[in-house]
Amino acid sequence: MTKIDLSSFERANEAVSYLRTKLPEILQQPQVAIVCGSGLGGLADTIEPESRIEFDYASIPHFPRSTVVGHAGKLVFGLLGQKIPAVLMVGRAHYYEGHSIDQVAFPIRVFKQLQVNTVVLTNAAGGLNSEYDVGDIVLLNDHLFLAGLAGTHPLRGANEDEFGVRFPPLSDAYDLDLRRHAHQSWKKIISPESKRKLHEGVYAFCGGPTYETRAESRMLRMLGADVVGMSTVPEIVTARHCGLRVLAFSLVTNRAVFALLEEGMAGHEEVLEAGRAAAIDMQKLVVETIVDVFDR
Ligand code: HPA
């Protein structure tokens with residue numbers, strides 16, 4: 001059998017076998033996986049330096065690589081909050097880079113085979129809800145996956161029964177208990193002077209790489225989306241298929257609609273800059289939530 005014929009279950013197992021040869025006992029089975037979005041890679045710096053082990057994506061069998069500026073492309077293992085074994089993806093592959101939609105989500109299956117039970121996904125997103133300011137954080141509670149509804153779907157093809165059922169439900173995809181923990185943690189970490197807000201909202205996935213036209217943004221808003229971005233949803237769908245608990249956050253890096261033409265244009269630099277400014281609060285929120293969930 002050639003490599004190309006391997007199922008994603010077999011490929012995930014090969015990736016895990018490779019990683020496990022390099023990991024100490026304590027990091028062999030991380031409890032949580034975190035995917036760091038654009039400009040949010042600083043989360044990896046919260047890992048205790050003594051426990052930290054890094055892998056370039058290029059070194060991991062079958063792992064998709066990111067070519068985007070600002071998305072480094074490394075897998076970082078270590079202890080979060082001193083005792084929670086975690087694995088972090090710094091940078092991710094996107095559909096618009098030319099990967100297939102299932103390949104984009106392949107790392108989630110690697111996490112499943114590593115025995116992770118919870119994934120935390122973060123991303124930079126455009127705000128569609130007029131009440132959201134740049135720098136606000138949105139806890140996702142649902143999504144619109146237009147590409148998926150039209151058939152560009154990570155679970156298309158023969159079902160891999162090792163991971164989950166043919167027709168997985170997604171009505172409970174965004175774990176309520178984890179969201180409760182996130183809200184509690186936000187109260188603990190946000191300074192009373194801060195204007196930054198934590199919202200709950202709906203994320204719309206767009207293939208990219210173009211940002212939305214104004215008409216497209218208005219359409220997504222009318223359909224019920226609060227934020228729009230080019231990632232996360234394929235990963236969430238794949239995570240729910242294999243029974244992982246999901247928590248997802250968007251950092252609003254620009255307003256995708258409502259602003260006048262000049263201020264309403266999204267650009268990659270703008271996205272990275274807003275990410276840098278708000279990344280610290282986002283980082284604290286993610287770490288505090290994970291500690292709150294696991295350190296009992
Ligand atoms: N649209 C799509 N993706 C994005 C945006 C946006 O406005 N901002 C950050 N990622």
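Owing to the predicted nature of the structure, the values given are computational and were not obtained by experimental measurement. Start at 1 and go down the list; that is how both ligands and their atoms are numbered.
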Does anything in residues 140-171 form a ring pair (Phe, Tyr, Trp, His ring centres under 6.0 Å)? List the pairs, not counting sequence neighbours.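 Those involving residues 140-171 are Phe9-Phe163, His143-Tyr174, Phe145-His153, Phe145-Phe205.
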
Side-chain contact, heavy-atom cut-off 4.5 Å: Pro168 with Arg240?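 Not in contact.
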
Within the 4.5 Å heavy-atom criterion, are Glu54 and Leu75 side-chain neighbours or not?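 They are not in side-chain contact.
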
Of all the atoms in ligand 1, which lie at a distance below 4.0 Å from a heavy atom belonging to Asn254?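 Atoms satisfying the 4.0 Å criterion: 5 (C), 6 (C), 7 (O), 8 (N), 9 (C).
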
Looking at Thr253, which atoms of ligand 1 are within less than 4.0 Å of one of its heavy atoms?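 Under 4.0 Å from Thr253, ligand 1 has these atoms: 8 (N), 9 (C).
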
With heavy atoms only and a cut-off of under 4.0 Å, state how Asn123 meets ligand 1: side chain, backbone, both or neither.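 Neither part.
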
At under 4.0 Å between heavy atoms, is it the side chain or the backbone of Ser38 that contacts ligand 1, or both, or neither?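 No part of Ser38 comes within reach of ligand 1.
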
Answer yes when Arg92 and Glu235 have at least one side-chain N-carboxylate O distance shorter than 4.0 Å, and no when they do not.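 The answer is yes: the pair qualifies as a salt bridge.
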
Show which residues join Leu176 in its hydrophobic cluster (side-chain heavy-atom contacts under 4.5 Å, direct or indirect), or state none.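 Same cluster as Leu176: nobody, lone residue.
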
Are any of the N/O atoms on Gly126, whether in the backbone or the side chain, positioned under 3.5 angstrom from an N/O atom of ligand 1?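 Yes; the residue has a nitrogen or oxygen that sits under 3.5 Å from a nitrogen or oxygen of the ligand.
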
Taking both backbone and side-chain atoms of Glu212, is any N or O found less than 3.5 Å from an N or O belonging to ligand 1?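 Yes, there is a polar N/O contact under 3.5 Å.
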
Hey, is Cys206 one of the residues with a heavy atom under 4.0 angstrom from ligand 1?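 Heavy atoms of Cys206 never come under 4.0 Å of ligand 1.
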
Kindly give the heavy-atom pair with the smallest separation between Ser8 and Phe106, and that separation in Å.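 Ser8 and Phe106 have their closest heavy atoms at O-CE1, 3.7 Å.
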
